[in-house]
Amino acid sequence: MFNDGNILIPDTELIAEFNKKLKFWYIKNHRKLLWRETTDPYKIWLSEIILQQTRVAQGTPYYEKFLLNYPTVFDLAAADERDVLRLWQGLGYYSRARNMHYTARQVVNEYGGKFPETAAGLSKLKGLGNYTAAAIASFSFGEAVAAIDGNVYRVMSRIFGIQSDMLSNQGKKEFALMAGQLVPSDDPATYNQAMIEFGALQCVPVSPACHICPVTDMCFAFAHNMQNQLPVKVKKLKVKQRFFNYIVVESNGQLAMKERPSKDIWQGLYDFYLLESTAPIEDPDDLQSLISSAGLLQQGILKMTSKIYTHILTHQRLHVSFWWLEISETNTIDLPAGLTFYTKEQIESLPKPILIDTFLKEEKYL
DNA sequence: TACGCGTGGCA
DNA sequence: TTGCCAAGCGT
């Protein structure tokens, strides 16, 4: 192994050994898929576009009906975009279909109906990124370039112990460097197919069957029992947007509060009657219907405080509005479950989220 | 660079 | 039920 700064590139003997075992596994275990029985770049291209982020079982019927309706790139180029989209219907990621149609016309009009024969040339076409361009280049034209899809990332990461984030740019560079060392000049097409198929069938994301794997003897993940940790994908934590509409029920100077339930933020702290919505509510009428559907008796004047509070948590952004519901002294009210009236003194001593505390102070209640 | 893009299968 | 994807790409 030699060190390239960030990753260890295995020596040529180890690479040769891995490739040999991989190829043997592939010959024995690969699926017979329609698009593997041709080198026609149009068909390979069609299959690769369809299979982007899509399972074989889901994409196969589409591959067949597209070939039936548009047997050649000329037929696809001559079609109306609307018809192409109609045929794509149900497969999702519809820009794939639009780009494919666009590219078919470009191939016909600017390339005389022939696809470029290198990954670099193919990359210039719309809808073809690094992976798809490399896949077509190797499958159709035998170019010795590595086609790195999600399966290949996983296999390389586990076998050779690459622990860089496969979603980061730096990580992608390291994987690409490794992949470039692995791809053989002899029959790169079968090698690429084999890597992808190996990832799809044997080195699967969850609970791979390592006891029947032919390369455990050279597998970093197996040796370190890290199959479930690799590949590393640093998930960008997604900030969820939530819209809170608090009903501050007031009666004789007391406020109705309740303890926060488990399995949500602020567990054990106290807040008001909460109606959560998927979008901000600005019209009191909308809130009224929400309230009545929730069974809260409407016996007072609902008044929104002017301001909408934004409260930021690690993984949530809360957009919070407060609505005062004043109950006149002569009325009684059936409070929803969990709510209890508390005096100002009691409220002062209750544990509350900062947001609630701030609100009460700004309203000069506390 | 980070994010939106669709659908169906699975635990 | 809900989250996590599955042969990525364009912006």
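Numbers restart at 1 for each chain; the letters A, B, ... are given by sequence-line order, proteins then strands.
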Would you say the side chains of Arg96(A) and Gln52(A) form a donor-acceptor pair under 3.5 Å?
-> no
In whole angstrom, give me the gap between the P atoms of dA7(C) and dC3(B).
-> 23 Å
Base, sugar-phosphate alone, or nothing: which one does Ile44(A) contact when heavy atoms must sit under 4.0 Å apart?
-> nothing
Check whether more than 12 heavy atoms from other residues, nucleotides or ligands sit under 6.0 Å from atom CD of Glu13(A), and answer yes or no.
-> no
Going through the distances and angles, do Ser321(A) and Phe243(A) end up as a side chain to side chain contact (heavy atoms under 4.5 Å, CB included)?
-> CA-CA 8 Å; Ser321(A) 65; Phe243(A) 300 92; over 6 Å; no
How about Tyr309(A) and Phe322(A): are their ring centroids closer than 6.0 Å?
-> yes
Per-nucleotide protein contact along nucleotides 5-11 of chain B, 5' to 3', at a 4.0 Å heavy-atom cut-off (B base, S sugar-phosphate only, - neither), is BBBB---
First and last nucleotide of DNA chain C, 5' to 3', lying under 4.0 Å from heavy atoms of chain A = dC5(C) to dG10(C)
Minimum heavy-atom separation for Asn192(A) to Ala146(A), with atom names?
-> OD1-CA, 3.8 Å
Do the rings of Phe66(A) and Tyr70(A) sit parallel, tilted or perpendicular, given the 30° and 60° boundaries?
-> tilted
Closer to the 5' end of DNA chain C via nearest nucleotide, is it Asn151(A) or Asn99(A)?
-> Asn151(A)
Please check if atom CZ in Phe24(A) has more than 12 non-hydrogen atoms from other residues, nucleotides or ligands closer than 6.0 Å.
-> no
With rounding to whole Å, what would you report as the distance between dG6(B) and dT11(C) at their P atoms?
-> 14 Å
Inter-nucleotide P distance (dC9(C), dG8(B)), Å rounded | 23 Å
Cationic tip of Lys344(A) above Tyr365(A) ring, under 6.0 Å, 45° of axis = yes
Members of residues 118-144 of chain A that approach DNA chain B, where some heavy atom sits under 4.0 Å away | none
Below 6.0 angstrom between ring centroids: does that apply to Tyr93(A) and Trp88(A)?
-> no
Phe160(A) and Phe18(A): aromatic ring centres closer than 6.0 Å?
-> yes
Quick one: label Trp88(A) by what it contacts on the DNA or RNA (base, sugar-phosphate, nothing), any heavy atom closer than 4.0 Å.
-> nothing
How close do Arg154(A) and Ala200(A) get, heavy atom to heavy atom, and via which atoms?
-> NH2-N, 4.2 Å
